[in-house]
Structure formats: C-alpha cells, structure tokens
Amino acid sequence: MIMTFEDLESWQKARRVVRKIYSLTRDEMLRRDFGISGQIQRAGVSVMSNVAEGFERLHVPEKLQFYNVARGSTAEVRSLLYVIEDNFPQSASEAIALRGEIVGVGQAGERLDSLD
C-alpha cells in the first residue's frame, strides 16, 4: 500500500537516477563544465521533487500538474544526457545507460494517475 511519496515507484526510480547523475557529474571533465553539470542535477532533482510534491497535493488537477512537470523534467534530463554523450566521450556509456533509466521513471509516472 502506498502511504507516502517515498513508497512511489516513480519517486524511488527518480532518486536512484539523481544519485547516478551526481556520480556522473563528479567526473573530472564534466565537473569543469558547470553549465551542463548544474543543469542536469537541477533537472534530475526536479523530477524527484515534483513527484513528491504532486503526491502531497489534495486536489487532482494540482497533482496532475506536478506529475506533468516531473515528466517534462525527465525529457530535459534525457536531452542533457545526449549533450554529455556527444561531448564527453569518457562518460558516453554512462549517459546512455542513464537515459534508459530516466525513461523508466517517466513510465512509472504514467501509473500515478491511478492513485487519485
């Protein structure tokens, strides 16, 4: 039974992805690129935070708005992972793997509508 946002599969997956994003951006070359590192960190945290905030909202339209923002942020993370793949060859394989994981977060988010 889902009692808190921490119980949501989409939030749990987003948390794992955020952990991996932070690990990825600790790479020496990526760490020097403050723009891409900061942006992908913020986008990943946005997914996780908006799922949590949406869960806590009482009104269905508000819930859906936060879930939609979270879903949009998954697309931003995917797009930024392409930038990393294309410009940081040493991190390309990790970026490709993470892209698959963030898609999984969005797919888990599709089931959030049934919670309302």
Side-chain angles (χ1 to χ4, degrees):
M1 175 155 213
I2 296 176
M3 303 292 287
T4 68
F5 68 81
E6 291 95 341
D7 298 326
L8 295 172
E9 179 186 1
S10 58
W11 185 86
Q12 293 167 4
K13 286 183 174 187
R15 182 180 179 199
R16 283 191 294 273
V17 168
V18 168
R19 189 177 312 122
K20 290 178 181 183
I21 286 171
Y22 272 80
S23 176
L24 174 67
T25 56
R26 287 187 192 103
D27 171 80
E28 185 64 34
M29 295 300 289
L30 259 172
R31 190 173 55 205
R32 292 180 189 172
D33 189 327
F34 300 115
I36 191 73
S37 292
Q39 188 66 29
I40 197 166
Q41 288 171 355
R42 286 188 297 277
V45 169
S46 176
V47 174
M48 198 171 131
S49 298
N50 279 291
V51 169
E53 193 163 352
F55 181 83
E56 296 295 332
R57 295 295 172 149
L58 298 177
H59 303 288
V60 173
E62 287 181 311
K63 286 180 174 290
L64 294 177
Q65 178 60 29
F66 280 95
Y67 294 156
N68 283 330
V69 171
R71 185 184 203 112
S73 292
T74 66
E76 182 180 5
V77 170
R78 284 195 338 263
S79 181
L80 292 165
L81 287 167
Y82 280 108
V83 173
I84 291 170
E85 177 186 350
D86 294 344
N87 294 284
F88 299 91
Q90 75 284 1
S91 300
S93 61
E94 195 172 353
I96 292 166
L98 262 175
R99 204 165 46 242
E101 287 189 51
I102 197 70
V103 167
V105 173
Q107 290 169 344
E110 290 174 357
R111 294 186 292 278
L112 290 173
D113 295 344
S114 65
L115 298 174
D116 303 318

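In this chain, residues are counted from 1 in sequence order.
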*Treating Ile, Leu, Val, Met, Phe, Trp and Tyr as nodes and any side-chain heavy-atom pair under 4.5 angstrom as an edge, say whether V69 and V60 lie in one connected cluster.*
no
*Shared hydrophobic cluster, V17 / V83 (ILVMFWY, side-chain heavy atoms < 4.5 Å)*: yes
*What are the two closest heavy atoms between V45 and V18, and how far apart are they?*
N-CG2, 3.8 Å
*Looking only at atom types and distance, does a side-chain atom of E53 sit under 3.5 Å from a main-chain N or O of F66, one as donor and one as acceptor?*
no
*Enter the distance from S73:OG to R78:CZ here, rounded to the nearest 0.5 Å.*
11.5 Å
*Taking all heavy atoms of E56 and all of F5, pick out the closest pair and write down the distance.*
OE2-CD2, 3.7 Å
*asked:* Side chains of Q39 and E76 only: does a donor on one sit below 3.5 Å from an acceptor on the other?
replied: yes
*Any donor-acceptor pair under 3.5 Å linking the side chain of T74 with the backbone of R71?*
yes
*V47 side chain near W11 side chain, heavy-atom distance below 4.5 Å*: no
_Residue pair I40 / T25: nearest heavy atoms and the distance that separates them_ = CG2-CG2, 3.7 Å
*Going only through I, L, V, M, F, W and Y residues with side-chain contacts under 4.5 Å, is there a path from M48 to Y22?*
yes
*S10 to V105 - nearest heavy-atom pair and separation*: O-CG1, 3.8 Å
*In Å, rounded to the nearest 0.5 Å, how long is the span from CZ of R32 to OG of S37?*
11.5 Å
*Output, in order, the C-alpha distance, side-chain angles, deciding distance and verdict of side chain to side chain contact (heavy atoms under 4.5 Å, CB included) for R16 and R19.*
CA-CA 5 Å; R16 283 191 294 273; R19 189 177 312 122; 3.9 Å; yes
*Quick one: CG on L81 to OG on S91, what's the gap to the nearest 0.5 Å?*
10.5 Å
_Checking N50 against S46: is there a side-chain donor and acceptor pair closer than 3.5 Å?_
yes
_Which heavy atom of Y67 sits nearest to which heavy atom of V51, and what is that distance?_
CE2-O, 3.6 Å
*What are the two closest heavy atoms between L24 and L30, and how far apart are they?*
O-CD1, 3.5 Å
*Contacts of N68 that satisfy side-chain contact (heavy atoms from CB on, under 4.5 Å) - sequence neighbours left out*: none
*Please check if atom CZ in R57 has more than 12 non-hydrogen atoms from other residues, nucleotides or ligands closer than 6.0 Å.*
yes
*Taking a hydrophobic cluster as the set of Ile, Leu, Val, Met, Phe, Trp and Tyr residues connected by side-chain heavy atoms closer than 4.5 Å, whether directly or through intermediates, do M29 and I84 fall within one such cluster?*
yes
*Rounded to the nearest 0.5 Å, how far does NZ of K63 lie from CG of L58?*
7.0 Å
*asked:* Within the 4.5 Å heavy-atom criterion, are Q12 and R15 side-chain neighbours or not?
replied: no
*asked:* As an exercise, state the distance from CD1 of I21 to CG of L98, rounded to the nearest 0.5 Å.
replied: 6.0 Å
*Run the numbers on Q65 and E62 for side chain to side chain contact (heavy atoms under 4.5 Å, CB included), then give the verdict.*
CA-CA 5 Å; Q65 178 60 29; E62 287 181 311; 5.6 Å; no
*Evaluate side chain to side chain contact (heavy atoms under 4.5 Å, CB included) for E101 paired with K13, printing each intermediate quantity in order.*
CA-CA 8 Å; E101 287 189 51; K13 286 183 174 187; over 6 Å; no
*Cationic N near anionic O, under 4.0 Å, E94 to K20*: no
*Side-chain heavy-atom pair F55, D7 within 4.5 angstrom cut-off*: no
